[in-house]
*Asks:* 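This is the structure I want to talk about, given as C-alpha cells.
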Amino acid sequence: MLTPEWRHKLNQYARRGGKTSRRRTIQRIEAFITWCGCRPEQIGRRQVYEYLEQPMAETTRRDHYYAIRRLWEMLGRPVPPPMPDIAWRSTAAPPGPKREFNRGTAKVS
C-alpha cells in the first residue's frame, strides 16, 4: 500500500544515478511492499524472511534483497534487514584445490 508520500520518496530515489537499475530497484521495492500488504513503516524482519524464502532464482533473490536493503535505508533503520540463511548463501561452491606454482609447473595439493 504505497501512499503518495512513499511514491514521492521512490521518485526522488529514481531521479539520481543509473536510471535502468533504479527503476528495477523501485519495481522490486513496490512488489515487496504490495506483497506485505501493509504500510512500509510496519514491515519487519518476519516479512523479509518470508519473502526471501519464496522459490526464486539466486540472482533474483539477491536483487530483491538489495532492494529491501534500500527500503530499509529509506525508512531510516539503523541496522540492515536480515539476510536469511537460505540456499543461495549456504550452498556456495567451496574453493577449488590449492595450486602451487613452481617455475612454470603447477602442483595441485
Side-chain angles (χ1 to χ4, degrees):
M1 311 314 163
L2 286 174
T3 62
E5 174 190 356
W6 272 97
R7 290 240 179 247
H8 179 70
K9 284 183 181 182
L10 293 174
N11 189 22
Q12 291 297 322
Y13 170 72
R15 289 180 181 230
R16 293 178 246 115
K19 302 301 183 222
T20 305
S21 173
R22 290 191 179 238
R23 282 188 201 118
R24 288 183 184 150
T25 300
I26 288 173
Q27 289 173 351
R28 291 181 186 112
I29 291 172
E30 289 176 349
F32 175 63
I33 293 172
T34 303
W35 180 87
C36 290
C38 58
R39 294 188 351 234
E41 296 84 7
Q42 297 174 327
I43 295 173
R45 296 169 42 140
R46 181 178 58 87
Q47 287 88 0
V48 175
Y49 278 113
E50 289 176 2
Y51 185 75
L52 292 177
E53 288 177 350
Q54 294 181 37
M56 58 177 86
E58 294 176 16
T59 54
T60 304
R61 183 172 284 120
R62 179 202 62 207
D63 293 343
H64 280 266
Y65 175 76
Y66 290 152
I68 292 169
R69 194 170 69 184
R70 180 65 58 190
L71 173 64
W72 241 241
E73 291 173 8
M74 290 177 167
L75 288 167
R77 303 217 172 137
V79 179
M83 183 182 293
D85 190 23
I86 47 182
W88 65 278
R89 284 187 56 219
S90 60
T91 60
K98 185 177 177 182
R99 294 181 179 254
E100 296 177 16
F101 291 95
N102 187 9
R103 297 185 189 219
T105 60
K107 287 183 177 180
V108 177
S109 55

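We use all heavy atoms of the structure for the numbers below, so side chains are in, but hydrogens, waters and symmetry mates are not. From a predicted model like this one, the values you see are computed outputs, not experimental measurements.
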*Asks:* Check I26 against A14 and note the closest heavy-atom contact, atom names and distance.
*Replies:* CD1-CB, 3.2 Å
*Asks:* Answer yes or no: is there a side-chain heavy-atom contact under 4.5 Å between E30 and R7?
*Replies:* yes
*Asks:* Is it the case that the side chain of R22 and the backbone of R16 share a donor-acceptor pair, with hydrogens and angles ignored and the cut-off at 3.5 Å?
*Replies:* yes
*Asks:* Please find the pair of heavy atoms, one from P81 and one from Y65, that lie closest to each other, and give the distance.
*Replies:* O-OH, 3.0 Å
*Asks:* For a 4.5 angstrom cut-off between non-hydrogen side-chain atoms, does I29 reach I68?
*Replies:* no
*Asks:* I'd like to know if the side chain of R61 and the backbone of Q54 have a donor-acceptor N/O pair within less than 3.5 Å.
*Replies:* yes
*Asks:* Are I43 and Y66 connected in the hydrophobic side-chain network, where two residues link if heavy atoms are under 4.5 Å apart?
*Replies:*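 Yes, because I43 and Y66 connect within a single hydrophobic cluster, where side-chain heavy atoms sit under 4.5 Å apart.
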*Asks:* Would you say CZ of R77 has more than 12 non-hydrogen atoms from neighbouring residues, nucleotides or ligands within 6.0 angstrom?
*Replies:*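 Atom CZ in R77 is crowded, with more than 12 foreign heavy atoms closer than 6.0 Å.
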*Asks:* Could you tell me the separation between the CG atom of L71 and the OG1 atom of T25, rounded to the nearest 0.5 Å?
*Replies:* 11.5 Å
*Asks:* Under the 3.5 angstrom rule, does the side chain of E50 hit a backbone N or O of Q47 as a donor-acceptor pair?
*Replies:* no
*Asks:* Please report the interatomic distance NE2(H64) to OG1(T59), rounded to the nearest 0.5 Å.
*Replies:* 9.5 Å
*Asks:* Checking F32 now: which residues fulfil ring-ring contact (aromatic ring centres under 6.0 Å, His included) with it, not counting sequence neighbours?
*Replies:*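 Scan of F32 (ring-ring contact (aromatic ring centres under 6.0 Å, His included), adjacent residues dropped) gives Y51.
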*Asks:* Walk me through whether L10 and L2 qualify under side chain to side chain contact (heavy atoms under 4.5 Å, CB included).
*Replies:* CA-CA 10 Å; L10 293 174; L2 286 174; 4.3 Å; yes
*Asks:* Is a salt bridge present between R28 and D63, judged by a nitrogen-to-oxygen distance below 4.0 Å?
*Replies:*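 Yes.
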*Asks:* Can you see whether Y13 has R70 sitting over its ring - NZ or CZ less than 6.0 Å from the centre and within 45° of the normal?
*Replies:* no
*Asks:* What are the two closest non-hydrogen atoms of Y49 and P82, and how far apart are they?
*Replies:* OH-CB, 3.6 Å
*Asks:* Taking only Lys NZ, Arg NE, NH1 and NH2, and the carboxylate oxygens of Asp or Glu, determine whether E5 and R39 approach each other closer than 4.0 Å.
*Replies:*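 The answer is no: the pair does not qualify as a salt bridge.
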*Asks:* Identify whether M56 and V48 are in the same connected component of the hydrophobic contact network (ILVMFWY, side-chain heavy atoms under 4.5 Å).
*Replies:* no
